[in-house]
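Structure first, then comments.
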Amino acid sequence: MSVTPLVQRQSAPIRQQVTVLLKKDILDGFFMPGDRLIENSLCERYGVSRTVIREVLRLLESEHLVSIQPMQGPIVTKLSEEDIVNLYLVRAKVESLMIELFIKNATAENKKELQALYTRLDADFLNGSVDQRWEYKDSFYNILLKGAKNNVLEEMILKIQARVGLFKHFAFIYEDRVKQGYLDLQLIFDATLAEDIEQACAHNDQHLLDAGQAAVYNYKRRLNPSEIQNQ
């Protein structure tokens with residue numbers, strides 16, 4: 001049977017295209033946590049060579065979306081409840097530091113950008129598509145990191161963001177989490193723009209600790225939907 005390759009011969013490097021496509025397949029649940037990622041099947045799906053697939057798998061392994069298991073090879077990373085909670089605990093602390101440094105170091109232009117983003121919260125986040133919500137949160141972090149002016153912190157946060165990509169995706173597809181995230185972001189925006197470090201960090205800590213619990217629930221909901229429905 002003839003299969004139409006998902007990758008198109010465009011200007012972007014083939015490896016970059018495949019990385020985006022495989023990451024999307026993982027985030028969208030086409031490949032589930034624990035699924036084996038078989039090179040031959042991936043080559044056929046994306047229409048590329050084994051060399052490209054191996055490079056992409058190594059890259060996604062560095063982002064913790066893929067794990068290499070003895071006797072199995074590469075699989076979609078499967079995390080424990082403790083792993084998820086610990087990730088969000090660390091994320092809460094480093095992102096609150098980012099907000100504190102933004103309030104202390106941001107220029108008037110940085111604050112103007114953040115205010116402009118706030119005005120789009122309803123349209124792009126609450127009522128936006130999954131892609132719009134993802135882009136909105138990326139813009140939120142980009143503005144805060146730019147204003148925080150700390151390269152070491154930026155590197156740490158970007159690594160953590162890559163690792164929790166799967167759980168961020170849950171926050172954009174389940175409407176209960178979207179609505180709660182919307183309310184939390186309002187509080188974080190208000191306190192940050194008011195330059196209230198204590199309140200801004202407290203709201204962010206609570207938001208991410210709650211998000212960690214929601215991530216555990218939604219991870220289970222994705223893996224075992226019937227089990228969640230019967231609770």
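Just so it is clear, the structure is predicted and the values come from calculations on it, not from any experiment. We count residues from 1, following the sequence as given.
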- Task: With L57 as reference, evaluate I68, L42, T19 under the side chain to side chain contact (heavy atoms under 4.5 Å, CB included) test and give the passing residue.
- Result: L42

- Message: Strictly distance-based, threshold 3.5 Å: is any side-chain N or O of N105 a donor or acceptor partner for the main-chain N or O of K149?
- Response: no

- Note on the structure: Note: C43 and I53 closest approach over all heavy atoms is SG-CG1, 3.8 Å

- Task: Inspect the contact between K159 and E63 and indicate whether a charged nitrogen and a carboxylate oxygen are less than 4.0 angstrom apart.
- Result: no

- Query: Roughly how far, to the nearest 0.5 Å, is the OH atom of Y118 from the OG1 atom of T192?
  - Reply: 10.0 Å

- Query: Are side-chain N/O atoms of S139 and N142 paired as donor and acceptor at under 3.5 Å?
  - Reply: no

- Check against side-chain hydrogen bond (donor to acceptor under 3.5 Å, both in side chains), D131 and Y136: CA-CA 8 Å; D131 286 343; Y136 188 89; over 6 Å; no

- Item | E175, CD: over 12 other non-hydrogen atoms inside 6.0 angstrom | yes

- Message: Evaluate F125 against Y182 for ring pair (Phe, Tyr, Trp, His ring centres under 6.0 Å), listing each step before the verdict.
- Response: CA-CA 7 Å; F125 188 82; Y182 167 78; 7.3 Å; no

- Are the side chain of N127 and the backbone N or O of A123 linked by a donor-acceptor pair below 3.5 Å? no

- Message: Using only atom types and a distance under 3.5 Å, with no angle test, would you say the side chain of R36 pairs donor to acceptor with the backbone of I75?
- Response: no

- Message: Within the 4.5 Å heavy-atom criterion, are M32 and V76 side-chain neighbours or not?
- Response: no

- Could K220 and E81 be called an ion pair, given the rule that one side-chain N must be under 4.0 Å from one carboxylate O? yes

- Which atoms form the tightest heavy-atom contact between Y88 and L208, and what is the distance? CD2-O, 3.4 Å

- Let me see the working for Q161 and E95 under side-chain hydrogen bond (donor to acceptor under 3.5 Å, both in side chains), right down to the final yes or no. CA-CA 10 Å; Q161 289 287 341; E95 291 187 14; 2.7 Å; yes

- Considering all heavy atoms of both residues, which atom of L79 and which atom of L87 are nearest to each other, and what is their separation? CD1-CD1, 4.1 Å

- Matching residue for H203 among L187, D190, D184 - test: side chain to side chain contact (heavy atoms under 4.5 Å, CB included): L187

- Message: Using only atom types and a distance under 3.5 Å, with no angle test, would you say the side chain of D138 pairs donor to acceptor with the backbone of E135?
- Response: no

- Note on the structure: Given the options I157, L153, N150, L97 meets side chain to side chain contact (heavy atoms under 4.5 Å, CB included) only with L153

- Query: When rounded to the nearest 0.5 angstrom, what is the spacing between CD in E55 and OG in S49?
  - Reply: 7.5 Å

- State plainly whether the residues K78 and D35 are in salt-bridge range, i.e. N to O under 4.0 Å. no

- Keeping the roles fixed (side chain from S96, backbone from N204), state whether a donor-acceptor pair exists under 3.5 Å. no

- Do you reckon I14 sits in the same ILVMFWY cluster as L59, going by side-chain contacts under 4.5 Å, direct or chained? no

- Item | Basic-acidic side-chain contact under 4.0 Å: K146, E113 | yes

- Salt bridge flag under 4.0 Å for residues R50 and E44: no

